[in-house]
Q: 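Questions regarding the structure given below will be posed in turn.
In this text the structure is predicted, and so the values were computed from the model without any measurement. Counting starts at 1 for both ligands and their atoms, following the listed order.
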Amino acid sequence: MDDILHNLQVINSRIEAACSKSHRERSEVKLLLATKTVTPDRIITAFKAGYTLIGENKVQEIKEKYDALQLIPHVKHFIGHLQTNKIKDVINYGVSCIETVDRIELAEKLHQRLLAENKTMDVMIQVNTSNEQSKFGISPDEAANLTKQVSQFETLKIKGLMTIGLFSSNTEKVRSCYKLLKNIQQQIIALNIPNVEMNELSMGMSGDLETAIEEGSTIVRVGTAVFGKRIYPDSYYWNENK
Ligand SMILES: *Cc1c(COP(=O)(O)O)cnc(C)c1O
């Protein structure tokens with residue numbers, strides 16, 4: 001488990017350096033640990049070191065880890081593609097924010113379920129900034145409109161925007177995805193939509209968190225750089241049919 005603690009320190013230093021380079025406070029950027037495939041004992045190692053914000057991609061995994069993780073207070077976001085038939089479980093297994101609202105049908109079904117259970121949920125609008133078919137998210141042109149529609153559901157508390165961005169070693173191409181998300185955020189803020197907060201920008205992962213922070217990220221989602229390589233390719237998690 002030493003590797004996890006060491007890796008967390010390295011990530012923390014990377015975040016600090018990126019913040020100071022872009023004249024931002026360290027407190028403006030949250031580190032979310034992407035814990036797909038990671039076992040509860042390893043996640044608990046991170047919790048004990050004070051890193052208590054996690055993100056899961058699969059409802060099934062959330063259920064499997066639920067009891068073990070309950071022992072330590074933490075905050076859990078949902079960062080995977082959410083199928084409407086899994087909504088009930090997401091609500092009942094301690095998820096406090098769904099970062100991946102990307103279509104009105106999903107928002108509507110979430111709202112109905114939350115109403116029935118007398119609950120509310122933080123959400124973020126997921127935008128496909130890389131224009132790749134393989135990635136989920138509303139297209140950039142439609143993001144403001146979707147935000148407006150979702151804002152009518154009073155159980156859903158919109159906190160900001162999320163994107164996965166391009167996988168590329170070309171930093172400037174990656175940067176353009178993050179710049180685009182920031183631009184969309186500014187456009188939405190200018191619309192002054194009631195019931196909409198736009199403070200959060202969830203963008204940046206193990207390989208590109210510096211670029212994301214320079215472009216205004218408030219949540220970086222880091223998996224491999226903390227927990228090591230996963231056995232499944234990311235397409236396994238980002239493909240609707242799996
Ligand atoms: C797995 C995952 C991450 C973390 O990716 P790493 O490259 O392992 O840091 C971030 N965001 C989402 C949506 C993910 O599924």
Q: Would you mind checking if Glu56 and Lys76 are paired as a salt bridge, meaning a charged N to carboxylate O distance below 4.0 Å?
A: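 No.
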Q: At a non-hydrogen distance cut-off of under 4.0 Å, which region of Ser206 contacts ligand 1 (side chain, backbone, both, or neither)?
A: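 Both backbone and side chain.
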Q: If the cut-off is 4.0 Å to any non-hydrogen atom of Val222, which atoms of ligand 1 fall inside it?
A: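 Ligand 1 atoms under the 4.0 Å threshold to Val222: 9 (O).
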Q: Under 4.0 Å from any heavy atom of Gly223, which atoms of ligand 1 are there?
A: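 Counting from 1, the qualifying ligand atoms are 4 (C), 6 (P), 8 (O), 9 (O).
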Q: Determine the interplanar angle of the Phe136 and His81 rings, folded into 0 to 90°, and report it as parallel if under 30°, tilted if 30 to 60°, perpendicular if over 60°.
A: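 Because their plane-to-plane angle is under 30°, the rings of Phe136 and His81 count as parallel.
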Q: For ligand 1, which atoms, with element, lie under 4.0 Å from some heavy atom of Lys36?
A: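 Contacts of ligand 1 toward Lys36, numbered from 1: 1 (C), 2 (C), 3 (C), 14 (C), 15 (O).
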Q: Check side chain to side chain donor-acceptor pair (under 3.5 Å) between Ser20 and all other residues, then give those that pass, not counting sequence neighbours.
A: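 Here no residue qualifies.
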Q: Give the atoms of ligand 1, by number and element, whose distance to some non-hydrogen atom of Asn57 is under 4.0 Å.
A: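 Matching atoms, with element in brackets: 14 (C), 15 (O).
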Q: Relative to the heavy atoms of Thr224, which atoms of ligand 1 are at a distance of less than 4.0 Å?
A: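 Reading through ligand 1 atom by atom, the close ones are 6 (P), 7 (O), 8 (O), 9 (O).
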Q: Go through Glu214 and Arg175 one step at a time and tell me if the salt bridge (charged side-chain N to carboxylate O under 4.0 Å, His left out) criterion holds.
A: CA-CA 9 Å; Glu214 287 164 25; Arg175 187 182 300 281; 3.0 Å; yes
Q: Looking at residues at least two apart in the chain, or sitting in another chain, which of them share a ring-ring contact (aromatic ring centres under 6.0 Å, His included) with Tyr51?
A: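 Partners of Tyr51 by the ring-ring contact (aromatic ring centres under 6.0 Å, His included) criterion come out as none, since no residue qualifies.
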Q: Taking distance alone, with N or O pairs closer than 3.5 Å, would you say Met162 contacts ligand 1?
A: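 N/O-N/O distance below 3.5 Å does not exist for this pair.
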Q: I'd like to know if Leu180 and Leu166 are part of one continuous hydrophobic network [Ile/Leu/Val/Met/Phe/Trp/Tyr, side-chain heavy atoms within less than 4.5 Å].
A: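 No: no chain of side-chain contacts under 4.5 Å links Leu166 to Leu180.
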Q: If the cut-off is 4.0 Å to any non-hydrogen atom of Arg221, which atoms of ligand 1 fall inside it?
A: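 Counting from 1, the qualifying ligand atoms are 4 (C), 9 (O), 10 (C), 11 (N), 12 (C), 13 (C).
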Q: Which of these, Ile79, Asp208, Thr100, has its nearest heavy atom closest to atom 12 (C) of ligand 1?
A: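 Answer by nearest heavy atom: Ile79.
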Q: Looking at Glu210 and Arg14, is any side-chain nitrogen of the basic one under 4.0 Å from a carboxylate oxygen of the acidic one?
A: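 Salt bridge present between Arg14 and Glu210.
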